2 protein chains.
Amino acid sequence: MNTGAGSSAQEPHRDIPEATVARLPVYLRALTSLADRNIASCSSEELAAAAGVNSAKLRKDLSYLGSYGTRGVGYDVDYLSYQIAREIGVTHDWPVIIVGIGNLGQALANFSGFSSRGFRTVALLDAAPQMQGRSVAGLEVRPFADLAEIVAAEQVSIGVISVPAPAAQDVADAMVEAGISSILNFAPAVLNVPAGVDVRKVDLSIELQILAYHESRKAAEAEETVDNDSEEGITA
Amino acid sequence: MNTGAGSSAQEPHRDIPEATVARLPVYLRALTSLADRNIASCSSEELAAAAGVNSAKLRKDLSYLGSYGTRGVGYDVDYLSYQIAREIGVTHDWPVIIVGIGNLGQALANFSGFSSRGFRTVALLDAAPQMQGRSVAGLEVRPFADLAEIVAAEQVSIGVISVPAPAAQDVADAMVEAGISSILNFAPAVLNVPAGVDVRKVDLSIELQILAYHESRKAAEAEETVDNDSEEGITA
DNA sequence: CCGAGTTTGTTCTCGCAGTCACAAAGTCCG
DNA sequence: CGGACTTTGTGACTGCGAGAACAAACTCGG
Ligand SMILES: NC(=O)c1ccc[n+]([C@@H]2O[C@H](COP(=O)([O-])OP(=O)(O)OC[C@H]3O[C@@H](n4cnc5c(N)ncnc54)[C@H](O)[C@@H]3O)[C@@H](O)[C@H]2O)c1
Ligand SMILES: NC(=O)c1ccc[n+]([C@@H]2O[C@H](COP(=O)([O-])OP(=O)(O)OC[C@H]3O[C@@H](n4cnc5c(N)ncnc54)[C@H](O)[C@@H]3O)[C@@H](O)[C@H]2O)c1
């Protein structure tokens, strides 16, 4: 490793598993919460509880970043926060654009949680003429045609899609064309993008349907238990 | 199997893997889209493409529900749609309540996609006095104190939390107390709930941070390639 | 009725992820 | 200074999920 490039600072361990990457932001938030309560250090057990995960899993996850804890003591909250933030890449702010300023887009634009977590909304775009020039969350809504110009000017690499499903693919294509390489998609549509572009999907209906599945199973089980409450003895 | 209970109709194969459950709604949506285009039947290959998954994975997923396809032909769109909907439990509508009618809560209340996918918003609740009595999406905002009453009256088992993070645990506790057993949580907080209660989390900041991680890795890789574009030859 | 063609359902293999358990490494007190 | 205690970091094990490949089953044309 480190075969001579040495371009950036302390090269961290590469190849962090996806499952771990998905949890690092959770740890970061838990650490921030601890720091807000003036807690300077914590054990893996405490942090795991705050993040809602198994402590062994947490330690293993952190070990992918390096050895930032002290045996017998635990982790320094500020130090570990910084290391995770650095690994994720949120030590500096990422510019983000939102396309589709309807119900959801406006809620997202008004959401303060983005800016506090390493992201800065730099532009809101919408295709509808009646949206043009309106001010949402202190930003002027701009025409969708300005996409490429804005992306180039602000060095945007992350785009949020909150347009109706039929328009999502077109918007995604335009984003990719403009140079965006990470997309957060709220539209219930499957997006086709070239390799090298990451898409993450947030789909409320799917989440609710998953809950509904478990809910029906619970209901079915309860009914069964009423029918004959000794079944587990038979099948086992 | 089928050790004598046989309470409900054709008992399907039990123990559907979580990963499959999470994809069934995607298949259902793809099927609905096909039906809208008057397509009566489709092969696993076509459906897989529409859902954005591998066809072998799709067939395996569907096989957990039973054998609803015809070899040499494919799947009947309507029939398969119904079978998946039945398995998920969205053949009838589920009543849902939303707690926290701020930016996000209002967007959710106004979202028509819920009702069309097996869910019906029956009540909007908020603790703030100035929200009381306001009408959002045709529903009157009701006081948070009415939670238990509403849940009992409407047989609600699914609740949506869109309050600020510090209030989320309190709301969740009240929901569980009122009899809700499935929660969709938008607040960036870890919820502690008793066993038997399902919680699913939707966290935008986390999604963006995951994108940011891959984005920084892309950036680092590009830089490295510029530094010395024959590195793969050295390390390999 | 039969054979060619098509597509499902399933088996097998491999890799990733979660959990346990423990040695290594540090702290702290006597 | 040394030993008891605490907590990390990691190796081993297990189970789930993804994907390839193939046999079984069905259709359709002749
Ligand atoms: N509202 C919610 O709570 C919610 C929840 C989950 C998912 N969604 C999804 O998010 C998306 C947006 O939902 P919404 O409720 O905000 O819808 P909306 O109709 O209120 O807003 C959509 C906006 O996108 C704009 N738009 C349409 N086509 C466009 C294009 N080609 N380019 C640029 N802008 C375009 C429209 O002008 C409109 O302002 C939908 O796909 C919806 O399914 C919404
Ligand atoms: N707005 C977004 O796009 C967005 C995105 C992601 C996550 N979130 C999260 O969703 C939650 C809501 O966001 P928002 O932007 O709608 O906030 P908001 O402040 O606009 O709305 C919160 C609402 O909850 C109500 N509330 C507060 N405490 C309550 C309680 N104990 N019981 C009942 N109601 C209560 C408030 O009166 C207010 O109406 C936050 O946790 C936020 O982090 C929002």
Side-chain angles (χ1 to χ4, degrees), chain A residues 10 12-27 30-31 34 39-77 79-81 83-84 87 190 210 213-214, chain B residues 1 10 12-27 30-31 34 39-77 79-81 83-84 87 190 206 210 213-214:
Chain A
Q10 330 117 273
H13 306 208
R14 286 293 167 81
D15 278 353
I16 298 183
E18 262 313 297
T20 296
V21 171
R23 282 187 295 266
L24 289 179
V26 181
Y27 303 153
L31 284 166
L34 291 177
I39 298 172
S41 96
C42 65
S43 69
S44 65
E45 207 70 51
E46 293 166 318
L47 184 53
V53 300
N54 183 299
S55 70
K57 183 153 58 176
L58 176 122
R59 287 199 299 276
K60 196 179 235 183
D61 284 342
L62 295 183
S63 77
Y64 289 114
L65 314 188
S67 282
Y68 295 132
T70 309
R71 299 182 188 212
V73 178
Y75 300 92
D76 181 88
V77 171
Y79 183 54
L80 185 58
S81 291
Q83 294 300 340
I84 293 179
E87 190 65 42
V190 177
I210 294 172
Y213 169 80
H214 291 297
Chain B
M1 214 163 285
Q10 332 118 274
H13 304 208
R14 286 292 167 83
D15 278 353
I16 298 184
E18 260 315 295
T20 296
V21 171
R23 282 188 295 266
L24 289 179
V26 180
Y27 303 153
L31 284 167
L34 290 177
I39 298 173
S41 94
C42 66
S43 69
S44 65
E45 207 71 54
E46 292 166 318
L47 184 53
V53 301
N54 184 298
S55 71
K57 184 153 57 177
L58 175 119
R59 287 198 299 276
K60 198 188 236 181
D61 285 341
L62 294 184
S63 76
Y64 289 114
L65 315 190
S67 283
Y68 296 132
T70 309
R71 300 181 188 211
V73 177
Y75 301 92
D76 181 88
V77 171
Y79 183 54
L80 185 58
S81 290
Q83 294 300 339
I84 293 179
E87 189 66 41
V190 176
I206 288 182
I210 294 172
Y213 169 80
H214 292 297

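Remember, predicted model here, so these are calculated numbers, not experimental data. Heavy atoms only: backbone and side chains are in, while hydrogens, waters and symmetry mates are out.
Remark: P of dT7(D) and CD of E45(A) are 9 Å apart, rounded to the nearest angstrom. Spacing between atom CG of D61(B) and atom P of dT10(C) amounts to 13 Å, rounded to whole angstrom units. A straight line from CG of L58(B) to P of dG9(C) spans 10 Å, rounded to a whole angstrom. Across the protein-nucleic acid pair, Y75(A) atom OH and dG26(C) atom C1' stand 13 Å apart, rounded to whole Å. As rounded to whole Å, 16 Å separates atom P of dA25(C) from atom CZ of R59(A). N54(B) has its CG atom 17 Å from the P atom of dT10(C), to the nearest Å. Rounded to whole angstrom, the span from the OH atom of Y79(B) across to the P atom of dT8(C) amounts to 15 Å. Across the protein-nucleic acid pair, E18(A) atom CD and dA18(D) atom P stand 14 Å apart, rounded to whole Å.
Where V73(A) and A19(A) each meet DNA chain C at their nearest nucleotide, the meeting point lying more 5' is that of A19(A).
Side-chain atoms of D61(A) and T20(A) form a donor-acceptor pair, as typed in the model, at a separation below 3.5 Å.
Taking side-chain N and O atoms only, S67(B) has a distance below 4.0 Å to OP1 or OP2 of dG9(C). A close approach under 4.0 Å does occur between a side-chain nitrogen or oxygen of S44(A) and OP1 or OP2 of dT8(D).
Between Y79(B) and Y68(B), a ring centre-to-centre spacing shorter than 6.0 Å is recorded.
Side-chain contact between Y75(B) and S44(B): present, with at least one pair of heavy atoms (C-beta onward) separated by less than 4.5 Å.
Remark: E46(B) CD to I39(B) CD1 distance equals 7.5 Å, nearest 0.5 Å.
The base of dG17(D) is not paired with the side chain of K60(B) by any donor and acceptor separated by under 3.5 Å. With hydrogens and angles ignored, a donor-acceptor pair closer than 3.5 Å exists between the side chain of R71(A) and the base of dT8(D).
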